[in-house]
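Accompanying notes for the structure given below.
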Amino acid sequence: MTNTTAAPTGGYRDMNRLMSLMTGDEKHGPAATSTLDALWVLYDRVLRVTPGTMDAPDRDRFLLSKGHGPMAYYAVLAAHGFFGEELLSGFGAYDSPLGHHPDRTLVPGVEIGSGSLGHGLPLAVGTALGLRARGLTDPRVWVLIGDAELDEGSNHEALAYAGPAGLEQLHTVVIDNASASHGRPGGIAARFETAGWSVASVDGRDHEALYAAFTAPHAGRPRAVIAHVAPKH
């Protein structure tokens with residue numbers, strides 16, 4: 001990774017300012033802002049990872065599968081000190097580490113390179129299995145995906161596997177902004193429930209509801225939180 005960590009900036013009220021520093025083409029603004037609240041709650045109150053522990057074996061892992069439009073992700077990472085906010089104004093530039101898709105080799109705190117339909121759920125399943133094989137049962141694996149990613153077969157295979165495998169360390173946040181091409185009977189929550197997951201559906205802008213859903217116990221089962229949002233423009 002090419003950049004050093006920095007002192008944390010302001011709180012959630014500073015997000016609009018940090019987001020506004022990122023300009024240029026191909027911002028995918030709605031894709032970014034739909035994830036902002038879930039990302040903030042995770043990094044501010046749930047994830048056990050800091051700039052000082054981002055390489056520690058016992059850290060929580062966060063995988064952003066919804067990698068297109070990563071502005072909110074970058075703003076949250078900067079706000080929590082993973083890198084200096086001065087990098088934000090270079091977003092998408094040729095010589096900037098902050099590309100239109102996050103790169104784990106360039107951006108401190110990023111666990112995977114991802115993009116549109118990032119196939120992050122199968123990567124998260126593999127991460128959870130790898131931790132289990134190493135005897136690391138305390139770290140939790142979180143993955144944030146978009147509803148349209150559930151149109152992809154690899155994500156359905158991972159979803160179907162994780163429940164019967166009892167991957168309790170695995171947590172999936174689905175940002176549901178009604179962008180999927182294909183509906184599914186009973187909605188997204190029913191698909192996870194059928195596969196044996198613990199599931200909650202919440203308002204994706206409500207921080208207290210998100211926190212409660214993220215921290216609810218789910219012994220022996222993976223956890224899915226469906227966060228319903230209307231995109232901000």
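All values derive from a computational prediction rather than experimental measurement.
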With the side chain counted from C-beta on, respond yes when [X] and [Y] share a heavy-atom pair under 4.5 Å apart, and no when they do not.
X	Y	value
Leu77	Val110	yes
Val143	Leu123	no
Glu149	Leu121	no
Trp40	Leu210	no
Met15	Leu36	yes
Val173	Ile145	no
Asp176	Val229	no
Phe83	Pro51	no

Backbone N/O of [Y] and side chain of [X]: donor-acceptor pair under 3.5 Å:
X	Y	result
Tyr43	Thr50	no
Ser20	Arg17	yes
Gln169	Pro139	yes
Thr53	Val49	no
His156	Leu150	yes
Ser89	Leu21	no
Arg104	Glu111	yes
Arg59	Met54	yes

- Reference residue Trp142; test side chain to side chain contact (heavy atoms under 4.5 Å, CB included); the match among Thr127, Val46, Leu170: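 Single side chain to side chain contact (heavy atoms under 4.5 Å, CB included) partner of Trp142 among Thr127, Val46, Leu170: Val46.
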
- Message: So if I apply the side chain to side chain contact (heavy atoms under 4.5 Å, CB included) rule between Val199 and each of His218, Arg221, Glu193, Arg191, which one comes out positive?
- Response: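 So the option named by the test is Glu193.
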
Of all the heavy-atom pairs spanning [X] and [Y], show the shortest one and how long it is.
X	Y	answer
Gly204	Asp37	O-CB, 3.3 Å
Leu64	Pro102	CD2-CG, 4.3 Å
Thr35	Ala72	OG1-CB, 3.6 Å
Ser154	His119	OG-ND1, 2.6 Å
Ala195	Pro164	O-CD, 3.6 Å
Ser198	Arg223	OG-NH1, 2.7 Å

If I take atom [atom1] from residue [X] and atom [atom2] from residue [Y], how far apart are they, to the nearest 0.5 angstrom?
X	Y	atom1	atom2	result
Ile175	Ser65	CD1	OG	11.5 Å
Thr33	Leu39	OG1	CG	11.0 Å
Leu63	Ile112	CG	CD1	4.0 Å
Phe91	Thr23	CZ	OG1	9.0 Å
His101	Lys66	NE2	NZ	11.0 Å
Ser114	Asp103	OG	CG	10.0 Å

- With a 6.0 Å cut-off on ring centres, are Phe62 and Tyr73 close enough?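 Yes: the rings meet the under 6.0 Å criterion.
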
- Compute the centroid of each ring, for His171 and then for Trp197, and state whether the two points are separated by less than 6.0 Å. no

- Query: Does the pair Asp138/Arg48 count as a salt bridge with the N-to-O cut at 4.0 Å?
  - Reply: yes

- Query: Do Arg45 and Glu208 meet the salt-bridge criterion of a basic N to acidic O distance under 4.0 Å?
  - Reply: yes

- Message: Would Val76 and Tyr12 count as a side-chain contact (heavy atoms from CB on, under 4.5 Å) here? Give the steps.
- Response: CA-CA 9 Å; Val76 169; Tyr12 180 77; over 6 Å; no

- Evaluate the criterion side-chain contact (heavy atoms from CB on, under 4.5 Å) for residue pair Arg140 and Leu47; output intermediate values, then yes/no. CA-CA 8 Å; Arg140 299 168 300 186; Leu47 288 172; 5.8 Å; no

- Task: Take Ser201 and His228 through the test side-chain contact (heavy atoms from CB on, under 4.5 Å) and record every step on the way to the result.
- Result: CA-CA 7 Å; Ser201 294; His228 301 278; 3.7 Å; yes

- Worked check of side-chain contact (heavy atoms from CB on, under 4.5 Å) between Ile226 and Val202: CA-CA 6 Å; Ile226 317 304; Val202 299; over 6 Å; no

